[in-house]
Amino acid sequence: MPAPEDYDAGPFVPGGADLQGLRDAAAGCRGCPLFREATRTVFGSGDASARVVLVGEQPGDQEDRKGEPFVGPAGGVLTRALAEAGIDPAEAYVTNAVKHFKFERQARGKRRIHKAPNLHEISACRPWLASELRLVGPEVVVALGATAGKSLLGSSFRVTQQRGVPLPLPSLDGDGEGEGEGTLVATIHPSAVLRADDRARADAYAGLVSDLGVAARLLHGGSG
């Protein structure tokens, strides 16, 4: 494998492919070492002409086993929050900034523990996400958590500072400098709701719904 600074999925992304073509090609991606331990590549799914795209971090354990994004507990939280915010989950496209599950095994047992992707891995996988967004052409992109935000907005992104505010979607070309088409809204990842303790969980969930409500108002013609 190349050095971390040379990780790049770009050579594996076929030009002129539709979403199914991208999905098929992504199954053979070797742009960074994460493919070695993951069960499979987990590509995006949903409405190919969706007005809203939801971008998470990476597949979790269940997503890695089933090959679909957001089918685990965090996906359940997201589906419920979308509906409460006024976004039909069936009319969205969901994907992740990183397409392979990064994990470490418990010292004892077979349980696989989520490990956050680093900036080299996020950057390596960006050509897949950029290609998805170009093909879907959404009006609104929702970045769910820090990894998704850094993939789209750069390493200086902080979800605590930029959540719930409509931002110009950066260019999907090259290094992402300049503005693209569409609006980006950042919020926490649904898994943050699950990790919160009992006292904080309701507030975390309400904040997620509130941020998704900003995206919903943009889709419905409001200013956010």
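Just so it is clear, the model here is predicted, and its values are computed rather than measured. Hydrogens, waters and symmetry mates play no part in the numbers below; they use all other heavy atoms, side chains included.
- More than 12 heavy atoms of other shown residues, nucleotides or ligands fall within 6.0 angstrom of atom CZ in Arg30.
- With sequence neighbours excluded, the residues satisfying side chain to side chain contact (heavy atoms under 4.5 Å, CB included) with Asp47 are Ser49, Ala50.
- Applying the salt bridge (charged side-chain N to carboxylate O under 4.0 Å, His left out) rule to Glu139 yields the partners Arg51; only residues at least two apart in sequence or on another chain are considered.
- Atoms CZ and OG, on Arg23 and Ser45 in that order, are 7.0 Å from each other to the nearest 0.5 Å.
- Separating the CD1 atom in Ile87 from the CD atom in Glu91 is a distance of 10.0 Å, to the nearest 0.5 Å.
- Asp18 pairs by the side chain to side chain contact (heavy atoms under 4.5 Å, CB included) definition with Gln20, not counting sequence neighbours.
- Phe70 and Val52 fall within the same hydrophobic cluster, where Ile, Leu, Val, Met, Phe, Trp and Tyr residues are linked whenever their side-chain heavy atoms come under 4.5 Å apart, directly or through other members.
- Through direct or indirect side-chain contacts shorter than 4.5 Å among Ile, Leu, Val, Met, Phe, Trp and Tyr, Phe101 is connected to Phe103.
- Once rounded to the nearest 0.5 Å, the distance linking CG of Leu82 with CD of Glu84 reads 10.0 Å.
- Interatomic distance, Leu129 CG to Arg134 CZ, rounded to the nearest 0.5 Å: 9.5 Å.
- Under the 4.5 Å side-chain criterion, counting only non-hydrogen atoms from C-beta, Pro138 is in contact with Val136.
- The minimum heavy-atom distance linking Phe12 with Pro14 is given by the pair O-CD, 3.3 Å.
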Pair up each side-chain donor or acceptor in residues 186-199 with any protein partner under 3.5 Å, not counting sequence neighbours, and list the distances.
from	atom 1	to	atom 2	distance (Å)
Thr187	OG1	Asp211	OD2	2.6
His189	ND1	Ser191	N	3.0
His189	ND1	Ser191	OG	2.9
Ser191	OG	Arg195	NH1	3.0
Asp197	OD1	Arg199	N	3.2
Asp197	OD1	Ala200	N	2.9
Asp198	OD1	Arg201	NH1	3.4

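- Applying the side chain to side chain donor-acceptor pair (under 3.5 Å) test to pairs two or more places apart or on separate chains, those with a residue in residues 95-105 are Thr41-His100, Thr95-Lys99, Thr95-Glu132, Lys99-Glu132, Lys102-Glu121.
- Counting all heavy atoms, side chain and backbone alike, Trp128 lies closest to Leu22 at CZ3-O, 3.6 Å.
- A distance-only check finds no donor-acceptor pair linking the side chain of Ser210 to the backbone of Ala206 [under 3.5 Å].
- Residues Val13 and Val55 are members of one and the same hydrophobic cluster, defined by side-chain heavy-atom contacts under 4.5 angstrom among Ile, Leu, Val, Met, Phe, Trp and Tyr.
- Across every non-hydrogen atom of Gly10 and Pro127, the tightest pair is N-CG, 3.8 Å.
- With sequence neighbours left out, the salt bridge (charged side-chain N to carboxylate O under 4.0 Å, His left out) criterion links Glu57 to no other residue.
- How far OG of Ser155 is from CG of Asn118: 12.5 Å, rounded to the nearest 0.5 Å.
- Taking the salt bridge (charged side-chain N to carboxylate O under 4.0 Å, His left out) definition, one finds that Glu63 meets it with nothing, sequence neighbours left out.
- Annotation: the span from Leu133 atom CG to Leu172 atom CG amounts to 5.5 Å, rounded to 0.5 Å.
- In this structure, Arg40 has no salt bridge (charged side-chain N to carboxylate O under 4.0 Å, His left out) partners at least two apart in sequence or on a different chain.
- Partners of Thr39 under the side chain to side chain contact (heavy atoms under 4.5 Å, CB included) rule, at least two apart in sequence or in another chain, are Asp64, Arg112.
- The side chain to side chain contact (heavy atoms under 4.5 Å, CB included) with Leu152 is formed by just one residue from the set Val141, Thr147, Leu167; it is Val141.
- Val165 is not listed as a side-chain neighbour of Val185, based on a closest heavy-atom distance of 4.5 Å or more.
- Other cluster members for Ile122: Leu34, Val98, Leu119, joined by side-chain heavy-atom distances under 4.5 Å among Ile, Leu, Val, Met, Phe, Trp and Tyr.
- Minimum heavy-atom separation, Val42 to Pro59: CB-CG, 3.5 Å.
- Looking at Pro33 and Tyr7, their side chains come closer than 4.5 Å, going by heavy atoms from C-beta outward.
- Judged as a side chain to side chain contact (heavy atoms under 4.5 Å, CB included), and not counting sequence neighbours, Ala27 has no contacts.
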